[in-house]
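This report refers to the structure that appears directly beneath it.
Letters A, B, ... mirror the listed sequences (proteins, then strands); counts begin at 1. Just so you know, these numbers come straight off a predicted model, no measurement behind them.
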There are 2 protein chains.
Amino acid sequence: MITTRKTNKRQLILEEAAKLFKQKGFSGTSMRDLAGEVGIEAASMYNHIKSKDEILELICFRVSSTYISQLAEIEATEAPFVEKIKSLIRLHIRLMIEDGAAVSVANHDWKYLPEPALTEFKDARKQYEKGFAALIEQGIAAGEFQPVNVSVALFTILSAVRWVELWYRPGRELSAEELEANIVTMLLTGLEKK
Amino acid sequence: MITTRKTNKRQLILEEAAKLFKQKGFSGTSMRDLAGEVGIEAASMYNHIKSKDEILELICFRVSSTYISQLAEIEATEAPFVEKIKSLIRLHIRLMIEDGAAVSVANHDWKYLPEPALTEFKDARKQYEKGFAALIEQGIAAGEFQPVNVSVALFTILSAVRWVELWYRPGRELSAEELEANIVTMLLTGLEKK
DNA sequence: AATTTCCGCAAACGAATGTTTGTTAGTCTG
DNA sequence: CAGACTAACAAACATTCGTTTGCGGAAATT
């Protein structure tokens, strides 16, 4: 191994932390729990990370910056708004499947962020929601969408996509692609048959 | 005051606990925090409740039994499946608005239930989901709904309705009725204009 | 009026929390 | 080979946790 030496333990800590935080919550997870999962004493972790809070910050901001940069990419494309919204839905599902633990933590445990980070995170989320909402609004103006309340549409989509974290396990009856297709159908054409 | 004497403190504790648990999570809330909110010392609370865990159980099971009994009522009515599903969606929204703190706790902190209660709660939830899913399935069979994957439809609806807890505050731009109408539209007829 | 019950408090309990300290091997670098 | 760095550990830190105990006074019951 060449560079398996430095920050790999740090990475391992972050991964195990995400899993544990998702499972038992941030407050419900002790540094000794986490250390046990990593295969180390609690004290030894402080050779790799500054504090428990820092772990949470790293997880949350990695997720939020991923979402924000991906949103920017989608905004920049030339496509009908229907397609942009579909891309965003697929983005959420994909991230949830690929990095479910971290996304869960960013969704649920952000409230435990210590104060400078807390406002920063909330601002980032608000910025993301604003960009998402703008796409819906423009889609309505362009006549592609029904004239539904924008906030309702936005949060319905954002939430509808969250349950994947609770439900999806690889090797489920549905593949990731089928899952995406089904959710997109639900959200864009609705449950009812016309 | 006539009967302001007995179990009213207990009720107050449960209400404040629901608010605090929603705000800071079960593990993140200390008995001293809660006692402060109630206006009492932590030790004094043990005159009214058995333990912190008991508080959580009382909150969670009150919510779950409400859902289950209401589902039974709706199942018993004579109405198209579209209407039954709409009623369920409205039920979720109404409960979230009227008793948001408790519902949030039942949604997020149930995992901290101590063991006999934990399985009991999960079973109750599974029972509710099964009943809900059956209505969707029958609606598809009756040709009222699109042939979407039942689990996807179920969890999309259940989740889509949860964000109300994060978003709704009385005196918001939308009234409860408008909120219900918008969410029902989103879920049943979809965002896209045909 | 006497007595029991209710409900609050201060103090303390042991256990668990996040983190610091001092130390000790091993490994890289000059 | 000497010195510096890395990363692990055990022990201890102060604090906070949920909860128990013992006690006092007010209110309800007899």
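- Nearer to the 5' terminus of DNA chain C, by closest-nucleotide assignment, is the contact made by B:Asn47 (compared with the other of A:Ile49 and B:Asn47).
- Distances shorter than 4.0 Å separate none of the side-chain N or O atoms of A:Lys52 from OP1 or OP2 on C:dT17.
- For the pair A:Phe155/B:Val164, no side-chain contact is recorded, criterion being any heavy-atom separation below 4.5 Å from C-beta on.
- Going from atom NZ of B:Lys9 over to atom P of C:dG8 covers 4 Å, rounded to whole Å.
- Of the N and O atoms on the side chains of A:Thr119 and A:Glu115, at least one donor lies less than 3.5 Å from an acceptor on the other residue.
- Checked against C:dG8, D:dA8, D:dT21, the side chain of B:Ala43 finds its nearest nucleotide in D:dT21.
- Ring pair A:Trp110/A:Phe121 is parallel by interplanar angle, where below 30° counts as parallel and above 60° as perpendicular.
- Between A:Gly28 and A:Lys50, the residue whose closest nucleotide on DNA chain C is further toward the 5' end is A:Gly28.
- Atom CG in A:Leu12 sits about 10 Å away from atom P in D:dA8, given to the nearest Å.
- Taking 4.0 angstrom as the limit, B:His48 places none of its side-chain polar atoms (N or O) nearer than this to OP1 or OP2 of C:dC6.
- If you measure from atom CE of A:Met31 to atom C1' of D:dC13, you get 16 Å, rounded to the nearest angstrom.
- If you measure from atom CD of A:Gln11 to atom P of D:dA7, you get 14 Å, rounded to the nearest angstrom.
- For the pair A:Leu56 CG and C:dT17 P, the interatomic distance rounds to 17 Å; values are reported in whole Å.
- Listed candidates were D:dC9, D:dT19, C:dA10. Nearest to the side chain of B:Ala42 is D:dT19.
- Nucleic acid contact for B:Ser27: none, since no nucleic acid atom lies under 4.0 Å from a heavy atom of the residue.
- Between A:Arg32 atom CZ and D:dA11 atom P the separation is 13 Å, expressed in whole Å.
- With a 6.0 Å cutoff to the six-membered ring centre and a 45° limit on the axis angle, A:Lys52 counts as a cation-pi contact of A:Phe26.
- Distance from the side chain of B:Tyr46 is smallest to D:dT20 among C:dG8, D:dA8, D:dT20.
- Regarding contacts with the backbone of C:dC7, every side-chain N or O of B:Ser44 stays at 4.0 angstrom or more from both OP1 and OP2.
- Here the C1' atom of nucleotide C:dT17 and the CG atom of A:Leu34 are 14 Å apart, to the nearest Å.
- Across all strands shown, B:Ser30 has heavy atoms under 4.0 Å from sugar-phosphate atoms exclusively, and none from any base.
- For the pair A:Ile55 CD1 and C:dG18 P, the interatomic distance rounds to 10 Å; values are reported in whole Å.
- A single hydrophobic cluster is seen to contain both B:Leu158 and B:Ile68, as judged by linkage of ILVMFWY side chains at heavy-atom distances under 4.5 Å, directly or through other members.
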